[in-house]
2 protein chains.
Amino acid sequence: MPDPTLDPAPDPRHDVRPTLEAVAARAGVSRATVSRVVNGGAGVRQPLVDQVRKAVDELGYVPNHAARTLVTRRNGAVAVIIDEPEFRIFSDPFFSRQIRGISRELNAHDAQLVLLLVEGRGDFDRVTRYLAGGHVDGVLAFSLHTDDELPAVISRFRVPTVYGGRPERTGAEGGAGTPPVPYVDCDNRGGAREAVRHLVALGRRRIAHIAGPRDQTSALDRIDGYRDVLPDAGPEMTVEGDFTAEGGARAAEELLDRCPGVDAVFVANDLMASGVLRVLRERGLRVPEDVAVVGFDDMASVAESTDPPLTTVRQDVEGMGRLMVRLLMERLDSGAGQWPASVVTPTELILRDSA
Amino acid sequence: MPDPTLDPAPDPRHDVRPTLEAVAARAGVSRATVSRVVNGGAGVRQPLVDQVRKAVDELGYVPNHAARTLVTRRNGAVAVIIDEPEFRIFSDPFFSRQIRGISRELNAHDAQLVLLLVEGRGDFDRVTRYLAGGHVDGVLAFSLHTDDELPAVISRFRVPTVYGGRPERTGAEGGAGTPPVPYVDCDNRGGAREAVRHLVALGRRRIAHIAGPRDQTSALDRIDGYRDVLPDAGPEMTVEGDFTAEGGARAAEELLDRCPGVDAVFVANDLMASGVLRVLRERGLRVPEDVAVVGFDDMASVAESTDPPLTTVRQDVEGMGRLMVRLLMERLDSGAGQWPASVVTPTELILRDSA
DNA sequence: GTGAAAGCGCTAACAG
DNA sequence: CTGTTAGCGCTTTCAC
């Protein structure tokens, strides 16, 4: 018995929220019946359903999630894990859009989005513990780098997962007993091919590529696309950037110093392309007259506001986010048996003024 | 190099997660003792503590969150509610940064981040139900507009909340019985003053303002700051934009048509300022020679890559996110009694080339 | 200091 | 169809 003289501050969390019991009493039925009604009302006679619904409304009953999870072993939540160094998430609208798509689709499935941002080893352990705790039904994992340990952890805890972007080890390459790894990615290689072919069709002869960091499969795939069309381009025609505007500018400087005769550049993302345009302008080179530029992503905030507006390869980021959720839900609903297939979404070349 | 701490390959039977009971059996103690150890180990003799810890490690025990929540009524999760029409979150790095700060601080407090994106009435009901369900210990709410209903819902369910950005109705204005509304915001008005004073010091005489949407307090506060310095500026010198680059461009067109003699513009955010710069360039006006431009936010991806780089008012977005979490945690730890005070963080004028 | 026992609110057999 | 009865895994008095 608490000492009344202490007069403990009332805690709002302990507000008496009505329970199933209360609703049952009010409706004059058993807890089980109320439970059935709350969960869809299948197999309950209509008059009773109405009685219960009425009681629920009058009491403002809302099921206790923790109690439900405890018995069903389902928590109605999905973790989104983004493992990305600070500089990118700070400046890249990519994640906002992807998350928007995920959020929408998750809402449609009545599931919650738990956001896990990973920045280093410490965070990594924390996420590991979280997954081990089985707090989420599934995982959507992003921005994996080729040296990432996350897939290992995820597969160790057998948490149903869908990756955003092709992970380094695909199912086909996995060792024995390794389940396939479902992912959603855009057709990076095909999109890159289309971009470079466009440059070729424009009559450009010395087409360079400013690539993304080689520890990301999207960057590698775009390089492959470039090489598909230009198998004979020398290695000096490809410079590696870091997907930031500043990195793009640095890469452009290096490229122009190295190959002054370049008349076109396929840049692996729009952010870098904006840096490239800046350098080109500083050097007095006209775009697209002297040098044509094509980006990748079609990040509206960047591509539409550069000078000149950027011709670029569009990928449907939001759609990819939604697709990831659908694949995961498919997996969850199928019991643990079925692994959904990966999906590669098409890209589209958007013509503006830079090429 | 693999980290050995990740290695303690736990019980091979992954599907059966060990419970307190199992740990107790293994350590030769009661469930209660294990519980005490797991929760800090206060009041348990050292040898027993060690035994239990050992058993926990060997079994790879991780507490079941749902069970714990059920009895403690604490879920160790905080909801971040962002109520923003799609166009902004799609193009504004602001949210990414704010969320990064929140995520970091939440991690430090061992709490989870549940992201709730609100886009319309339907979503609104869903969020309401979620909060009513008491699934989170607290709420961090963003991007409130003056006509927003969220504060009403939040206050109805008494969920501890901290707002990002000053809500329309502050505690001081609230009616009787309405608790004060703690928020974290930057000094919008002071920052705007500093920006405009800088323009004045530059010798500019016809200083215009391109404002944000009037249903957001940050936009209103920046207008106030502009007027503080220039109380005699005519109403034609202020044009309302929508915080997007495109909207900034439109506003600039309107402004230049209306007041051709303008020699400086204080723009309410960097995104709009980038649109303004584009229009200025298109009209053959040099920046800063003919027209000086100052933005607001110091969004690196925008301000550093415009031509010329943008002089702007910096606000510490990540720091504000962290601060919000700290205020909320303070509130949570203090029982229900204390309401933390709001915090207004300082801004800083960053000089680049546009003014 | 430690253990036994009573639930937290809900679902899911199993009876009736 | 509906009610009864067990727990889900954990914390928390309350005895010892």
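All chains are named by letter (A, B, ...) in the order of the sequence lines, taking the proteins before the strands, and each is independently numbered beginning at 1. Computed from heavy atoms alone, side chains included, the values below leave out hydrogens, waters and symmetry copies.
Contacts of B:V38 with the nucleic acid, taken as non-hydrogen atoms under 4.0 Å apart, are absent. Note on A:R31: a base of the nucleic acid sits closer than 4.0 angstrom, heavy atoms only.
Residues B:V78 and B:L113 have side chains not in contact (no heavy-atom distance under 4.5 Å, counting atoms from C-beta outward).
The CD atom of B:E21 sits 10 Å away from the P atom of D:dG9 (whole-angstrom rounding). Atom-to-atom, CG of B:L20 to P of C:dT2 comes out at 16 Å; the value is rounded to the nearest Å. Between B:N75 atom CG and D:dC10 atom P there is a gap of 17 Å when expressed in whole angstrom units. Between the CZ atom of A:R74 and the P atom of C:dA12 there is a distance of 12 Å, rounded to whole Å. What separates CG of A:L70 from P of C:dT11 is a distance of 11 Å, to the nearest Å. When the P atom of D:dC1 is taken as reference, atom CD of A:Q46 falls 12 Å away, rounded to whole Å. Atom pair A:R36:CZ and C:dT11:C1' shows a separation of 10 Å (rounding to whole Å applied). Computed from coordinates, the B:N64 CG to C:dC8 P distance equals 18 Å when rounded to whole Å.
Taking both residues in full, the closest heavy atoms of A:S342 and A:P182 are given as OG-CA, 3.3 Å, listed atom of the first, atom of the second, then distance.
Nearer to the 5' terminus of DNA chain C, by closest-nucleotide assignment, is the contact made by B:L48 (compared with the other of B:L48 and A:T19).
Between A:H65 and B:H135, the angle of the ring planes lies from 30° to 60°, which puts this pair in the tilted group.
If you check the side chains of B:R126 and A:N107, you find a donor sitting under 3.5 Å from an acceptor.
When the nucleotides C:dT2, C:dA12, D:dT12 are ranked by their closest atom to the side chain of B:S35, D:dT12 comes out on top. Among the nucleotides C:dC10, D:dT2, C:dT2, the one closest to any side-chain atom of A:V44 is D:dT2. Taking the side chain of A:S30 as heavy atoms from C-beta on, and the options D:dC8, C:dT2, D:dG3, the nearest nucleotide is D:dG3.
Between B:E318 and B:R322 there is a salt bridge, with a side-chain nitrogen of the basic residue lying less than 4.0 Å from a carboxylate oxygen of the acidic one.
Checking the phosphate oxygens (OP1, OP2) of C:dT11, a side-chain nitrogen or oxygen of A:R68 falls inside 4.0 Å. For B:T33, a side-chain nitrogen or oxygen approaches OP1 or OP2 of C:dG3 to under 4.0 Å.
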